Amino acid sequence: MSKKPRVRFAPSPTGGLHLGGVRTVLFNYLFAKHFGGDFIVRIEDTDQTRFVEGAEDYIFETLAWCGLEPDESPKHGGPFAPYRQSERKAIYREYAEKLVAQGYAYYAFDTAEELDAKRKEVPNFQYNQISRAALKNSLTLLEAEVKSLLDAGTKHVIRIKMPANEEVKFTDMIRGEVSFNSDQVDDKVLLKADGMPTYHLAVVVDDHLMQITHAFRGEEWLPSAPVHILLWQYLFGLENMPEWAHLPLILKPDGNGKLSKRDGDRLGFPVFAMDWTDPKTGEKTTGFKEHGFLPEAFVNMLAMLGWNDGTDNEIFSLAELVEKFSMERVHKSGAKFDYEKAKWYNSEWIKKLPVSSYRLQVTGMLAASGINIDDNKKLETVLELIKDRCTLLTDFVQQSSFFFKAPETIDIAAIQPKWNEQKNMFFLELIRAFELMQSWDHEALENELKELAAANQLKPGELMLPLRIMLVGGKFGPHVFNIAEILGREETIKRIQHTLQLLTK
RNA sequence: GGCCGGUUCGUCUAUCGGCUAGGACAGCCCCCUUUCACGGGGCAAAGACGGGUUCGAUUCCCGUACCGGCUACCA
């Protein structure tokens, strides 16, 4: 890398950040950090009609959760501020006017309504080299007319004047050479009637002004690339243009097409990184974080959707991804999102990470279900014991609550059919034995039960399940003597007695 | 419709002309486990199609098919 890379993620603050967006951030971040470069977040809020309150904060909270902190942004500051395009409005007109002066762009006075009508009337209507000759713009109007229109403050836009029959090409870091014929692309609006730039102008101007060296975005942008290439050529010179990479799309698991928020709702999995509530409608969309995903797993899973290091390794920390990442190994084709695989990554990270790193989040989840933890050491012991059987952080609630609170319902039906007086006597004896035990650990407890069972001519196997039901309430959880050990003598005996009462009723 | 992009097991993918096509998730079976998991072992499962180029094509080229993206004064 000849110079330190500067990459940017340029979201528009219109709602929650979805999978594909986070992955675009990730690949930007990994590439930049791999080469010791900078990661910039620029807010593309040029469409004032789509502005959504809180969306920008949400984006930064999401990046923070993922561990993908920007070096420069409206929130983090930086030498190229402001990083919000709405605050840079004044900058863009100058470039648009320059293009008009050079003959690369023109004023267009057609109203949005007129164009809408045109689209209804003419199938596949495009404002292009052919149709512009019959429309109201500075190419068809007399110079004097244009001047008087402008002087009168008539609403107008500035459109790029696509050249005739020119090959526009560039080298995409992922796809290689991609070329377009300029005849096929329409005269995109560069500056809107409200004076705001469109994405097309803003992205080129700001990438230049912010000295962006590499521009990565989703594949859905490929068709508008020729507009950007031409603008670079006209404004700042192709030799100064960043290198482009158009990332493959993340597809819906069933059927085909881009993964959308709706697919998640329909199929029952999150699409947004974190919970998002639309401030206008109040509609809530759930996120990976709240579904119980660890950021390490979320990032890992996203990285593997379209990239791998060429080995069989699938588990990577952020630091490892930074070290291994290369744009050359990013795929061309889209990847269907597989929620089952996503959960597998999470279970791997739950096992891999020390329980202390997610203890707080589990504490919050337990609190939400009415269990308040006052003994963190006990919590960590419990988490350590049950982590192997948890796929999502939310699984910890069911798997651990009985350690802190006696089960509300006991699955009596699981033991009743084989229950008899002999077993009842056994458990009464077991309580007495437990009361007398010197050391309270799982091995001693197991030995105690086995010896007592032998003395009563009972098979231990017939007694383990009842004991489990008594302590846990159901047929799940880690080894029953480990549970008893953690529960302690008093609580263990109490729960046995409680169930015994239920059984003799 | 037009333009652009893509195409290896159900899914994510390895392979940079030599393949008995490897791994992972999911599925099925077995083992471990006096619960449920974890774990271990195994089974099943793929190069869209047709032409070239080549001693040899999954790999390179062309065509076809299929899938997707875009086609706003949205990003």
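Predicted, not measured: the structure shown is a model, and the values here were computed from it. Each chain gets a letter, A, B and so on, in the order the sequences are listed, and its residues count up from 1. All values below were derived from every heavy atom in this structure, side-chain atoms included, with hydrogens, water molecules and symmetry-related copies excluded.
- Considering only side-chain N and O atoms, A:Lys192 lies under 4.0 angstrom from the phosphate OP1 or OP2 of B:rC74.
- Residue A:Met470 contributes atom CE, which lies 14 Å from atom C1' of B:rU35 at whole-angstrom precision.
- Using a 4.0 Å heavy-atom cutoff across all strands shown, A:Thr311 reaches no nucleic acid atom at all.
- When ring centroids are compared, A:Tyr199 and A:His228 come within the 6.0 Å threshold.
- Aromatic ring pairs are classed by plane angle as parallel below 30°, tilted from 30° to 60° and perpendicular above 60°; the pair A:Phe316 and A:Trp307 is perpendicular.
- Side-chain N/O atoms of A:Arg159 include one lying less than 4.0 angstrom from OP1 or OP2 on B:rC73.
- Minimum atom distance to the side chain of A:Glu44 is reached by B:rA75, of the listed B:rC73, B:rA75, B:rU13.
- Pair check for B:rG2 finds B:rC70; Watson-Crick or G-U wobble, both atom distances under 3.5 Å.
- A:Tyr358 and A:Phe396 have tilted rings, their planes meeting at an angle from 30° to 60° on a 0 to 90° scale.
- The partner of B:rA57, taking Watson-Crick or G-U wobble pairs whose two distances both stay under 3.5 Å, does not exist in any strand shown.
- Note: A:Phe109 and A:His156 have tilted aromatic rings, judged against thresholds of 30 and 60 degrees for the angle between ring planes.
- When the nucleotides B:rA24, B:rU35, B:rC4 are ranked by their closest atom to the side chain of A:Trp344, B:rA24 comes out on top.
- Separating the P atom of B:rU7 from that of B:rG41 is a span of 33 Å, rounded to the nearest Å.
- Across all strands shown, the partner of B:rA65 is B:rU7, judged by Watson-Crick or G-U wobble contacts whose two distances both fall under 3.5 Å.
- Candidate nucleotides B:rU11, B:rG6, B:rG39 were compared by shortest atom distance to the side chain of A:Lys351, and B:rG39 ranks first.
- Counting to the nearest Å, the P atom of B:rA26 and the CD atom of A:Glu340 are 7 Å from each other.
- Checked by distance alone, A:Arg389 brings no side-chain donor or acceptor within 3.5 Å of a matching partner on the base of B:rC38.
- Both tests do not hold together for A:Arg93 against A:Tyr95: distance to the six-membered ring centre under 6.0 Å, angle to the ring axis within 45°.
- Listed nucleotides: B:rG10, B:rG69, B:rG5. Nearest to the side chain of A:Val178: B:rG5.
- Rounded to a whole angstrom, the distance from the P atom of B:rG50 to that of B:rC36 is 50 Å.
- Two residues, A:Ala342 and A:Asp388, neighbour RNA chain B, and the one matched to the more 5' nucleotide by heavy-atom proximity is A:Ala342.
- Residue-level contact check: A:Ala335 touches the backbone only, with heavy atoms under 4.0 Å from sugar-phosphate atoms and none from bases.
- Rounded to whole Å, the separation between the C1' atoms of B:rC19 and B:rC9 comes to 15 Å.
- Looking at the side chain of A:Pro460, the nearest of the listed nucleotides B:rG10, B:rU34, B:rU71 is B:rU34.
- Taking the six-membered ring where the residue is Trp, A:His291 and A:Tyr339 present perpendicular rings, their angle passing 60° and hence far from 30°.
- One P atom belongs to B:rC61, the other to B:rG2, and the distance between them is 25 Å to the nearest Å.
- Protein atom CG of A:Asp47 is 9 Å distant from nucleotide atom C1' of B:rC73, rounded to whole Å.
- Spacing between B:rC43 and B:rA26 at atom C1', rounded to whole Å, works out to 15 Å.
- At a cut-off of 3.5 angstrom, counting only N and O atoms as typed in the model, there is no donor on one side facing an acceptor on the other between the side-chain of A:Lys188 and the base of B:rA72.
- The nearest whole Å value for the distance from the CG atom in A:Leu249 to the C1' atom in B:rC4 is 13 Å.
- The distance between atom NZ of A:Lys459 and atom C1' of B:rU34, rounded to the nearest whole Å, is 11 Å.
- B:rC38: glycosidic angle within 90° of 0, hence syn.
- Distances shorter than 4.0 Å separate none of the side-chain N or O atoms of A:Lys332 from OP1 or OP2 on B:rG69.
- Ring to ring, A:Phe298 and A:Phe288 are close: their centroids are under 6.0 angstrom apart.
- If you check B:rU71, B:rU35, B:rU15 against the side chain of A:Arg329, the one that comes closest is B:rU15.
- Between B:rU33, B:rA24, B:rG2, one nucleotide has an atom nearer to the side chain of A:Gln184 than all others, and that is B:rG2.
- A centroid separation of 6.0 Å or more is found between the aromatic rings of A:Phe216 and A:Trp221.
- Ranking B:rU35, B:rG69, B:rG6 by closeness to the A:Pro223 side chain, first place goes to B:rG69.
- Here A:Lys258 lies in heavy-atom contact (under 4.0 Å) with sugar-phosphate atoms only.
- With a 3.5 Å ceiling on both atom-pair distances, B:rU35 lacks any Watson-Crick or G-U wobble partner.
- Here A:Pro478 lies in heavy-atom contact (under 4.0 Å) with a base.
- On the P atoms, B:rC12 is 36 Å away from B:rC32, given to the nearest whole Å.
- A 3.5 Å limit on both hydrogen-bonding distances identifies no Watson-Crick or G-U partner for B:rA21.
- The residue A:Gly257 sits close only to the backbone: its heavy atoms come under 4.0 Å of sugar-phosphate atoms, none of a base.
- Of the side-chain N and O atoms in A:Thr46, one or more sit less than 4.0 angstrom from OP1 or OP2 of B:rA75.
- Nucleic acid contact for A:Asp110: base, since at least one base atom lies under 4.0 Å from a heavy atom of the residue.
- Rounded to whole angstrom, the span from the CG atom of A:Asp254 across to the P atom of B:rU11 amounts to 12 Å.
- Annotation: cation-pi pair A:Arg159/A:Tyr127 present, NZ/CZ under 6.0 Å from the ring centroid and within 45° of its normal.
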For a side chain to side chain contact (heavy atoms under 4.5 Å, CB included) check, start with the C-alpha distance between A:Val41 and A:Phe60, then their side-chain angles and the critical distance, and finish with the verdict.
CA-CA 9 Å; A:Val41 171; A:Phe60 288 112; 4.0 Å; yes
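- Distance from the side chain of A:Gln126 is smallest for B:rU71 among the nucleotides B:rA24, B:rU71, B:rC73.
- Within 4.0 Å of A:His479, counting heavy atoms only, lies at least one base atom of the nucleic acid.
- Across B:rU35, B:rA75, B:rC25, the shortest atom-to-atom separation from the side chain of A:Leu465 is found for B:rU35.
- B:rA44 and B:rC29: their C1' atoms are spaced 10 Å apart (whole Å).
- As a whole-Å value, the separation of A:Glu177 CD from B:rG5 P is 10 Å.
- One interatomic measurement links the two molecules: CG of A:Asp263 to P of B:rG68, which rounds to 13 Å at whole-angstrom precision.
- For A:Asn124, no side-chain nitrogen or oxygen approaches OP1 or OP2 of B:rG1 to under 4.0 Å.
- Taking the P atoms as reference points, B:rG22 lies 11 Å from B:rA46, given to the whole Å.
- Remark: A:His200 is not in phosphate contact with B:rA72, judged by side-chain N or O atoms under 4.0 Å from OP1 or OP2.
- Backbone-only contact: A:Gly306 has heavy atoms under 4.0 Å from sugar-phosphate atoms and none from a base.
- If A:Ile174 and A:Leu191 are placed on RNA chain B by their nearest nucleotide, the residue sitting closer to the 5' end is A:Ile174.
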